[in-house]
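Letters A, B, ... mirror the listed sequences (proteins, then strands); counts begin at 1. Values in this document were obtained by computation on a predicted structure and should not be read as measured data.
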2 protein chains.
Amino acid sequence: MKRVTIYDVANEAGVSLATVSRVINGSNVVKGGTKQKVEEAIEKLGYKPNAIAQGLALQKTTTIALVIPEASFTYTGQIINGLLDVAKIYKYNIMLHTTTEGINEINDIIENIIKSRVDGVVIYNDKLMREELNTLTKYNVPIVIIGNKVSDSKISSVYVDIENAVYELVMKYLEGGKRDIAIIQDRKNGYSIDQMINGAKKAYATKGLEFNGYLEIPGQYRTSYDFMKDYLQEHKHDLIIANRDSQAIAVVNAAKENGIDIPKEMEIVCVIDTKYNSMMRPQISSFAIPSYDLGAVSMRVMTKMLQENTDDIDKEIELSYLFTPRQSTL
Amino acid sequence: MKRVTIYDVANEAGVSLATVSRVINGSNVVKGGTKQKVEEAIEKLGYKPNAIAQGLALQKTTTIALVIPEASFTYTGQIINGLLDVAKIYKYNIMLHTTTEGINEINDIIENIIKSRVDGVVIYNDKLMREELNTLTKYNVPIVIIGNKVSDSKISSVYVDIENAVYELVMKYLEGGKRDIAIIQDRKNGYSIDQMINGAKKAYATKGLEFNGYLEIPGQYRTSYDFMKDYLQEHKHDLIIANRDSQAIAVVNAAKENGIDIPKEMEIVCVIDTKYNSMMRPQISSFAIPSYDLGAVSMRVMTKMLQENTDDIDKEIELSYLFTPRQSTL
DNA sequence: ATGAAAGCGCTAACAA
DNA sequence: TTGTTAGCGCTTTCAT
């Protein structure tokens, strides 16, 4: 099938290309008869407007870039779903970029994003990349950050106050006389782990105590499970807090291995959970972080930034969590 | 920052825009001195070529569309990772589209894809959408299908022979004297479920038997787990085959609930597993479907279709599986 | 080795 | 109501 352009349609319909343009853009100045003719021509030729050419002429692509860390998608998957659903409503396309480790690559991605002239970019990344973002801002690309609380004239953010979530949780346990609380992670320090630790520290400080239950998986361990299996032989805590359910599950399994009864001897809570948690026995108590909403709201904010004066919109949107007790806590 | 174009660079460097174009495209006819000047100008102005304009001029966008069913991403996530990794290598961008139920929406997506003038589209969808694909082919868009064995001049496919996988598995059990085998699903009939059933049927037929162990979750059950919990009270099988690990896990949990010992009293196998399987107790025996490779190979095939004569390349690529026994089988 | 100019397909101001 | 025309930013012959 030969490429058919707006000229072909104009010819076929016996009108000028401007008229065709008006028809496909739903202008209401076109007379019924001509509109009809044009539509028939479009139908007959199978014409589909070239979004690239439109993009050039209009200086906008109606596509936004989404940047997420490469990996499991078990968690980010929900974010993507939320984002995509809203994007669909506003007829935006999504260009997907994933980041691996390595600062160089993130620069490549940003370069790429600028070249592709997307209308905006939504970033979910556990590391805050202030410097890299500056490049984007310099080129006037509107940004929405998921998970970090930051903002300036061209940047909005949508997040959950994890620090406070952990603070409240830890406080509750401290009040209850439980003092041996640990936080586990399995990667380099990420932003959300930082927040969790801060929350715990604050809670301990409130009680005049010092928090030092920070568990980092040593490099020689392949997985959290391997580490915990060994670790739990010597240590036991009142409560272990993990970031994701996968880690919490690893702890549960390791605890079983060591004959530790959960939740009686040790309780476990995770911040983020996925559908797999619902299949676990015991099911992990968690904060119900609204991943889908994180994505959906981000995209919504983005459309706002793209339409309205950026000064008029709320640039920091906090979504709420809800602690959901399950079988891993008393 | 004002938009800087190739003209600005040309001015700054005191050359024509053609020369700038040559420099950014790595032409080797440009004299060292001028090249230097141009590069300095580019650097000074912070110029980034406009991919949209390039796309218009070159009639290609170096982006390909990826179509996947909306949902958990636990499985498709790996496919995406594979695809993205090789897309990166060949400098292709990925436009992500998800399909929900409803034929209408898939047509919207196809329309959208055609308008956006992507160079090709990779589709992973459990339903084969012959008719919809025809639209794409009519517009000469190269297509790679993941999971289905189909091909024609503009279509390639990358898949795993699930039918045969199930056939072999079922044969083994039949040989071992176990005859009560069931296949479970939780959605409308999808392509891979069809294949699984076909595989089972063939195996039974080989033995002169008829296969009728097809379990469909009735509408009134919210989840596989709810259904199985009831179902297993009355029925028990030698072997249950599930498509994904999540379903297999549901069966495991339901079996526990009913005091059925796995694998002694009932064995379970799933076709596709994710990282969560490794956390389960018992871990589900599975075929190690190479999801990542499915994505990576698809993208590789796509790049080939984009470069070479489509007649010269292998259009049906079968990836192999490997049955991996774990704790859910004897 | 470099420049001039046509063209990629479309939009939008301006004319008619 | 419709048509004409000048861009949008870049690539690529064809000259020079």
Trainee: Would you check, one step at a time, whether the test salt bridge (Lys or Arg N to Asp or Glu O under 4.0 Å) holds for K115(B) with E111(B)?
Mentor: CA-CA 6 Å; K115(B) 287 185 184 167; E111(B) 171 109 2; 3.6 Å; yes
Trainee: Any chance the side chains of E316(A) and S151(A) put a donor and an acceptor closer than 3.5 Å?
Mentor: yes
Trainee: Using the heavy-atom set of chain B and a strict 4.0 Å cut-off, write down the first and last nucleotide of DNA chain C that makes it in, 5' to 3'.
Mentor: dA1(C) to dG9(C)
Trainee: Which is more 5' along DNA chain C, the nucleotide nearest T19(B) or the one nearest A18(A)? Just name the residue.
Mentor: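 This one resolves to T19(B).
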Trainee: Using a distance-only test with no angle check, is there a side-chain donor-acceptor pair under 3.5 angstrom linking R300(A) and Y90(A)?
Mentor: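 Side-chain D/A pair, R300(A) to Y90(A): present.
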Trainee: Looking at dC8(D), I'd like to know if its phosphate oxygens (OP1 or OP2) sit under 4.0 Å from a side-chain N or O belonging to Q59(A).
Mentor: no
Trainee: Any side-chain to backbone donor/acceptor pair from T34(A) onto V30(A)? Under 3.5 Å, distance only.
Mentor: no
Trainee: Of the nucleotides dC8(D), dT1(D), dT11(D), which one has an atom closest to the side chain of L56(A)?
Mentor: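 So the side chain of L56(A) is nearest to dC8(D).
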Trainee: Kindly indicate whether the side chain of R117(A) and the base of dG9(D) share any N or O donor-acceptor pair separated by less than 3.5 Å?
Mentor: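 Answer is no: no donor-acceptor pair is held.
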Trainee: Answer yes or no: is there a donor N or O on one side and an acceptor on the other, between the side chain of N148(B) and the main chain of I145(B), under 3.5 Å?
Mentor: no
Trainee: Please state whether the phosphate of dT11(D), meaning OP1 or OP2, lies under 4.0 angstrom from any side-chain nitrogen or oxygen of Y7(B).
Mentor: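 Y7(B) to dT11(D) OP1/OP2: no side-chain N or O under 4.0 Å.
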Trainee: When all nucleic acid strands are considered with a 4.0 Å heavy-atom cut-off, which category describes I52(A): base, sugar-phosphate, or nothing?
Mentor: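 Nothing: the residue I52(A), judged by heavy atoms under 4.0 Å, touches no strand.
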Trainee: Classify the ring geometry between Y124(B) and Y75(B) as parallel (under 30°), tilted (30 to 60°) or perpendicular (over 60°).
Mentor: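 Perpendicular, since the angle between the ring planes exceeds 60°.
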Trainee: Touch check for S21(B), heavy atoms < 4.0 angstrom, all strands: base, sugar-phosphate only, or nothing?
Mentor: base
